[in-house]
Amino acid sequence: MSNVRVRFAPSPTGFVHVGSLRTALYNYLFARHHGGKFVLRVEDTDRARYTEGAVENLLETLEWSGLSYDEGPENDGDFSPYYQSQRLNIYHEYIEKLISNNFAYPCFCSKERLEKMREEQIGKKLTPKYDGHCRYISGDELIKRRKSEDHVIRLKIPPEGITKVSDIIRGEVQFQNEMIDDQVLLKSDGFPTYHLANVVDDHLMGITHVIRGEEWLISTPKHIILYEYFGWPIPRFAHLPLLLNPDRSKLSKRQGDVAVEDYRKKGYLPEALLNFVALLGWNRGDDEEIFSLEELIADFSLERVNKSGAVFNIEKLNWMNGIYIRKLPEEKYLLIALETMKNNGIDAGNTRKNEQIALAVRNNIETFNDIKERSELFLGDGPLHYSENALEWIKPDSSKKVFTSMLTEIEKIPEITLEAFKSVMGNVQKETGLKGKEIWMPVRSALTGLTEGPELPQVIQIFGKDKILRLLEQAIRV
RNA sequence: GGCGCGUUCGUCUAGGGGUUUAGGACGCUGGCCUCUCACGCCGGUAACACGGGUUCGAAUCCCGUACGCGCUACCA
């Protein structure tokens with residue numbers, strides 16, 4: 001397929017929804033796979049929902065995700081501006097064309113009248129839609145009222161017939177025209193609604209494939225009618241299945257994190273998040289689940305996108321993020337880990353030690369924020385609190401022997417190194433006649449207060465001689 | 001209420017009439033590794049919504065029912 005052009009057209013409402021991220025991803029993959037263009041267009045036509053800083057946040061989040069766009073706000077192509085709020089004159093121009101061709105008409109109805117009408121229709125079990133009250137106002141009256149009264153512009157839907165939507169994912173979907181509402185195209189404040197702006201811009205920007213969420217499927221016939229009225233070619237449509245809450249409702253804020261920024265803050269890797277959402281609705285057809293962006297680009301196709309909604313399963317995301325954390329080159333891992341520790345006030349005194357801690361907990365974390373909890377045992381300075389299980393390992397006389405023996409051995413050496421520690425433990429083994437669990441578990445319990453944790457040699461190095469001596473003394477007194 | 005879409009293990013999914021005792025992954029779980037936990041590796045658990053057709057044969061095709069979800073705004 002040549003000259004593919006797709007767009008991601010979010011509305012800047014303050015944060016980027018993970019569902020939007022997946023939509024952006026699929027658009028991006030489709031464009032890259034076909035060697036086409038990926039356009040970012042900001043759909044800021046709702047002044048009531050204007051949020052300070054939302055656009056900046058959108059751009060930054062997108063950059064963090066790694067989905068780079070070819071044309072958009074900070075990368076002007078041939079179709080700028082890419083903010084709909086800056087394209088108002090364009091929409092007005094096309095609205096006038098529609099009106100003069102009798103494809104759209106001004107509507108002066110009050111909100112109250114519309115609301116009452118809707119209630120009555122629902123009461124009568126009818127499809128709620130505009131009743132055409134202002135459809136046939138014409139001549140002088142129309143000119144006069146347009147000048148003096150607040151009004152919107154509505155799309156004039158053909159009263160009968162069928163509009164067919166051909167969807168790449170769902171096949172052909174048919175709609176009876178009589179069920180389609182005379183949608184508002186231009187609001188009384190002069191801003192376009194989504195329906196108008198999206199059709200005009202998609203055409204003007206040469207969009208070939210409209211890949212968007214399933215919630216748009218039902219309004220697609222309105223868009224198709226608009227394309228027909230304008231005499232424009234109709235792009236291909238692909239409506240993506242919804243992302244769901246655990247209770248299978250549309251993924252929303254109330255049931256956990258939905259903002260990409262939330263996942264970023266919690267220490268998820270963009271590669272992992274992308275890989276995870278890619279699999280919510282798409283798969284390659286084999287058993288592979290870990291994909292780099294490059295692999296996704298190579299293998300992605302809309303034909304393999306599912307029809308049904310997918311629950312956003314955080315457990316699997318966590319697992320996958322852990323995989324990515326362990327796959328990271330050590331340098332890159334350390335960079336992010338140290339940054340996380342710094343932001344959370346975790347500091348063992350020097351960089352070398354902080355690095356050792358980060359490395360020690362690496363296999364135990366699923367997100368970078370897990371470092372907080374996992375590094376606790378390295379940081380305390382005062383007396384140690386023992387868990388019940390640890391206490392069981394500390395109490396026996398044989399364990400006390402291990403501690404005293406280890407204490408004297410360690411006092412002999414100037415500094416704890418890996419080598420020194422090995423020989424210390426060797427000597428303790430000889431002296432006490434104990435080995436395996438009998439010797440290691442008491443030491444682990446005495447030093448960390450827990451019966452689980454990173455490998456002891458790693459722990460020991462980070463602790464250093466003084467702290468070890470202090471903890472052994474404490475354990476002996478138990 | 002109307003319109004539209006959907007329905008395979010708890011979750012993400014493979015499957016496109018016989019190769020299926022329905023495969024993989026997360027989770028849960030047993031084992032191995034090991035000083036422990038984790039990692040890793042090996043194994044187990046668990047599903048074709050229901051009812052009719054079509055066919056020699058249906059998870060796969062058709063119809064209906066049920067259930068779920070979405071839309072139903074001068075929001076996107």
Side-chain angles (χ1 to χ4, degrees), chain A residues 9-13 20 43-49 107 109 111 114-115 118 121-129 150-154 165 167 169-170 173-176 179-181 183-195 197-198 212-221 239 241-242 244 246-250 276 279-290 306-320 322-323 326 361-366 374 389-390 393 425 435-445 448 450-457:
Chain A
S11 166
T13 52
S20 300
E43 310 229 326
D44 52 350
T45 56
D46 186 355
R47 289 195 292 183
R49 284 212 290 177
C107 169
C109 293
K111 285 218 162 102
L114 294 173
E115 203 165 306
R118 192 171 308 117
Q121 287 166 334
I122 290 173
K124 288 182 194 159
K125 304 190 176 184
L126 297 167
T127 301
K129 57 183 277 242
D150 271 0
H151 62 276
V152 300
I153 307 296
R154 286 182 185 275
V165 176
D167 189 276
I169 295 167
R170 285 154 215 284
V173 185
Q174 298 193 355
F175 297 85
Q176 300 286 332
M179 297 299 177
I180 304 174
D181 199 4
Q183 188 62 234
V184 170
L185 298 176
L186 198 71
K187 307 178 220 176
S188 57
D189 64 2
F191 276 65
T193 59
Y194 172 86
H195 309 283
N198 135 76
R212 78 228 301 192
E214 189 191 335
E215 67 268 32
W216 294 110
L217 180 60
I218 208 158
S219 46
T220 305
H239 287 95
L242 257 20
L244 273 24
D247 71 357
R248 303 202 76 85
S249 57
K250 190 174 166 183
F276 177 68
L279 260 23
L280 258 25
W282 173 87
N283 71 86
R284 192 218 243 164
D286 57 18
D287 292 339
E288 192 55 47
E289 297 205 283
I290 304 297
N306 285 135
K307 294 179 177 71
S308 49
V311 172
F312 191 91
N313 181 199
I314 192 100
E315 304 251 280
K316 189 159 182 176
L317 203 213
N318 289 339
W319 163 78
M320 194 173 277
I323 298 271
R326 272 166 254 121
V361 302
R362 188 175 186 178
N363 281 342
N364 279 291
I365 60 172
E366 290 185 317
R374 288 292 170 178
N389 289 338
W393 280 105
M425 291 306 278
K435 57 180 180 175
K437 269 186 209 240
E438 301 300 314
I439 183 164
W440 288 90
M441 285 309 285
V443 172
R444 168 177 296 284
S445 302
T448 68
L450 299 167
T451 52
E452 44 160 271
E455 286 167 38
L456 233 22

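Quick note: numbers below take in every heavy atom, side chains included, and nothing from hydrogens, waters or symmetry partners. Since the model is a prediction, treat every value here as computed from it, not as a measurement. Proteins come first, then strands; the chains are lettered A, B, ... in the order of their sequence lines, and each starts at number 1.
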(request) Describe the nucleic acid contact of Asp46(A) in one word from base, sugar-phosphate, nothing, applying a heavy-atom distance below 4.0 Å. (result) sugar-phosphate
(request) Answer yes when Asp286(A) and Arg284(A) have at least one side-chain N-carboxylate O distance shorter than 4.0 Å, and no when they do not. (result) yes
(request) Determine the interatomic distance between C1' on G10(B) and the same-named atom on U54(B); round to the nearest Å. (result) 35 Å
(request) Please state the P separation for the pair A59(B) and C9(B) - nearest whole angstrom. (result) 15 Å
(message) Rounded to whole Å, how long is the line connecting atom CD of Glu288(A) with atom C1' of C12(B)?
(response) 15 Å
(message) Pick the closest RNA chain B nucleotide for Asn363(A) and for Arg49(A) by heavy atoms, then say which residue is nearer the 5' end.
(response) Asn363(A)
(request) Let me know the distance between CD of Gln121(A) and P of C3(B), rounded to the nearest Å. (result) 14 Å
(message) Can you see if the side chain of Arg326(A) gets near the phosphate of G40(B) - specifically, an N or O under 4.0 Å from OP1 or OP2?
(response) yes
(request) Please report, rounded to the nearest Å, how far the P atom of C26(B) is from the CD atom of Glu366(A). (result) 12 Å
(request) Mark yes or no for whether Thr127(A), through its side chain, and Met179(A), through its backbone, hold a donor-acceptor pair below 3.5 Å. (result) no
(message) For a quick test of reading the model: is some side-chain N or O of Lys124(A) closer than 4.0 Å to OP1 or OP2 of G2(B)?
(response) no
(message) Within this structure, what is the CZ-CD distance for the pair Arg374(A) and Glu366(A), rounded to the nearest 0.5 Å?
(response) 9.5 Å
Please list each protein N or O that sits under 3.5 Å from an N or O in nucleotides 13-20 of chain B, with the distance.
| unit_1 | atom_1 | unit_2 | atom_2 | d |
| --- | --- | --- | --- | --- |
| U13(B) | OP1 | Gly281(A) | N | 2.9 |
| U13(B) | O3' | Asn283(A) | ND2 | 2.8 |
| A14(B) | OP1 | Asn283(A) | ND2 | 2.7 |
| A14(B) | OP1 | Asn306(A) | ND2 | 3.3 |
| G15(B) | OP1 | Arg304(A) | NH1 | 3.2 |
| G15(B) | OP1 | Arg304(A) | NH2 | 3.2 |

Polar atom pairs (N or O), protein with nucleotides 65-67 of chain B, under 3.5 Å:
none

(message) In whole Å, measure the gap between the C1' atoms of C75(B) and A66(B) for me.
(response) 33 Å
(message) Base, sugar-phosphate or nothing for Phe175(A)? Non-hydrogen atoms, less than 4.0 Å.
(response) sugar-phosphate
(request) Report the residue from Glu215(A), Arg170(A), Arg212(A) that forms a side-chain hydrogen bond (donor to acceptor under 3.5 Å, both in side chains) with His239(A). (result) Arg212(A)
(request) Begin from the C-alpha positions of Asn389(A) and Glu452(A) and carry the test side-chain contact (heavy atoms from CB on, under 4.5 Å) through to its verdict. (result) CA-CA 10 Å; Asn389(A) 289 338; Glu452(A) 44 160 271; over 6 Å; no
(message) Once you apply a heavy-atom cut-off of 4.0 Å, does Pro12(A) come out as touching a base, just sugar-phosphate, or nothing?
(response) nothing
(message) With rounding to the closest Å, how many angstrom separate the C1' atoms on C28(B) and C12(B)?
(response) 16 Å
(request) Report yes if some heavy atom in the side chain of Ile439(A) is under 4.5 Å from a heavy atom in the side chain of Lys437(A); otherwise report no. (result) no
(request) Ignoring the backbone of Glu215(A), work out which of C3(B), C26(B), A76(B) is nearest its side chain. (result) A76(B)
(request) Calculate the interatomic distance between Trp319(A) atom CH2 and C26(B) atom P; express it in whole Å. (result) 5 Å
(request) Specify the separation, in whole Å, of atom CG of Leu242(A) and atom P of G70(B). (result) 7 Å
(message) Strictly by Watson-Crick or wobble contacts shorter than 3.5 Å, is anything paired with U60(B), and which nucleotide is it?
(response) none
(message) Please compare Ser249(A) and Asp150(A) by the position of their nearest nucleotide in RNA chain B and report the one closer to 5'.
(response) Ser249(A)
(message) Distance check, P atoms only: U20(B) and U36(B), in whole angstrom units.
(response) 41 Å
(request) Please give the nucleotide sitting opposite G1(B) as a Watson-Crick or G-U wobble pair, both distances under 3.5 Å, or none. (result) U72(B)
(request) Show your reasoning for whether side-chain contact (heavy atoms from CB on, under 4.5 Å) applies to Lys316(A) and Leu279(A). (result) CA-CA 11 Å; Lys316(A) 189 159 182 176; Leu279(A) 260 23; 5.7 Å; no
(request) Return the nucleotide paired to G16(B): Watson-Crick means purine N1 to pyrimidine N3 with N6-O4 or O6-N4, wobble means G-U with N1-O2 and O6-N3, both under 3.5 Å. (result) none
(request) Name the nucleic acid region contacted by Leu456(A), choosing base, sugar-phosphate or nothing; use a 4.0 angstrom heavy-atom cut-off, strictly under. (result) base
(request) Take the angle between the ring planes of Tyr194(A) and Trp216(A) and call it parallel below 30°, perpendicular above 60°, tilted in between. (result) parallel
(message) Return the pairing partner of U36(B) with a 3.5 Å limit on both distances, Watson-Crick or G-U wobble; otherwise return none.
(response) none
(message) Using Watson-Crick or G-U wobble geometry with both distances under 3.5 Å, which nucleotide pairs with U54(B)?
(response) none
(message) When the C1' atoms of U21(B) and C3(B) are compared, how many Å lie between them, rounded to an integer?
(response) 44 Å
(request) Quickly work out the Gln183(A) CD to C74(B) P distance and round it to whole Å. (result) 7 Å
(message) Heavy atoms from C-beta onward define the side chain here; which of C74(B), G68(B), U36(B) lies closest to that of Lys437(A)?
(response) U36(B)
(message) Would you measure the distance from the P atom in U11(B) across to the matching atom in G68(B) and give it in whole Å?
(response) 15 Å
(request) Using Watson-Crick or G-U wobble geometry with both distances below 3.5 Å, tell me the partner of C67(B), or none. (result) G6(B)
(message) Using 0.5 Å steps for rounding, measure from the OG atom of Ser11(A) to the CG atom of Asp44(A).
(response) 7.5 Å
(message) What contact category does Val152(A) fall into here, base, sugar-phosphate, or nothing, at under 4.0 angstrom with non-hydrogen atoms?
(response) base
(request) Check whether the side chains of Ser308(A) and Asn306(A) place a donor and an acceptor atom closer than 3.5 Å, and report yes or no. (result) no
(message) Whether the side chain of Asp181(A) engages the backbone of Gln183(A) through a donor-acceptor N/O pair (distance < 3.5 Å, no angle test) should be reported.
(response) no
(message) Measuring from the side chain of Arg248(A) (C-beta onward, heavy atoms only), which nucleotide among C12(B), C75(B), G6(B) has the closest atom?
(response) C12(B)
(message) Between U72(B) and G17(B), how far apart are the two C1' atoms, rounded to whole Å?
(response) 40 Å
(request) May I ask you to say what Lys187(A) touches in the nucleic acid, namely base, sugar-phosphate or nothing, with a heavy-atom cut-off under 4.0 Å? (result) base
(message) Over all strands shown, is Arg444(A) touching base, sugar-phosphate only, or nothing at heavy-atom distances under 4.0 angstrom?
(response) base
(message) Donor-acceptor check, side chain of Thr448(A) to backbone of Leu450(A), threshold 3.5 angstrom: yes or no?
(response) yes
(message) Whether Thr127(A) contacts G1(B) is assessed here as follows: a side-chain N or O lying under 4.0 Å from the phosphate OP1 or OP2. Is that the case?
(response) no
(request) Find the distance Ile122(A):CD1 to U72(B):C1' and express it as a whole number of Å. (result) 8 Å
(message) So if I take every side-chain heavy atom of Asn313(A) and compare against U11(B), C5(B), A76(B), which nucleotide ends up nearest?
(response) U11(B)
(request) Tell me the partner of A22(B), counting only Watson-Crick (N1-N3 plus N6-O4 or O6-N4) or G-U wobble (N1-O2 and O6-N3) with both under 3.5 Å; none if nothing fits. (result) none
(message) Looking only at the side chain of Lys316(A) (C-beta and beyond, no hydrogens), which of the listed nucleotides A76(B), A25(B), G4(B) gets closest?
(response) A25(B)
(message) Just the rounded figure in Å: distance from P of C12(B) to CD of Glu289(A).
(response) 13 Å
(request) Please confirm whether the backbone N or O of Pro454(A) pairs with a side-chain atom of Arg444(A), one donor and one acceptor, at under 3.5 Å? (result) yes
(message) Using a 4.0 Å heavy-atom cut-off, does Thr13(A) contact any base of the nucleic acid, only the sugar-phosphate backbone, or nothing at all?
(response) nothing
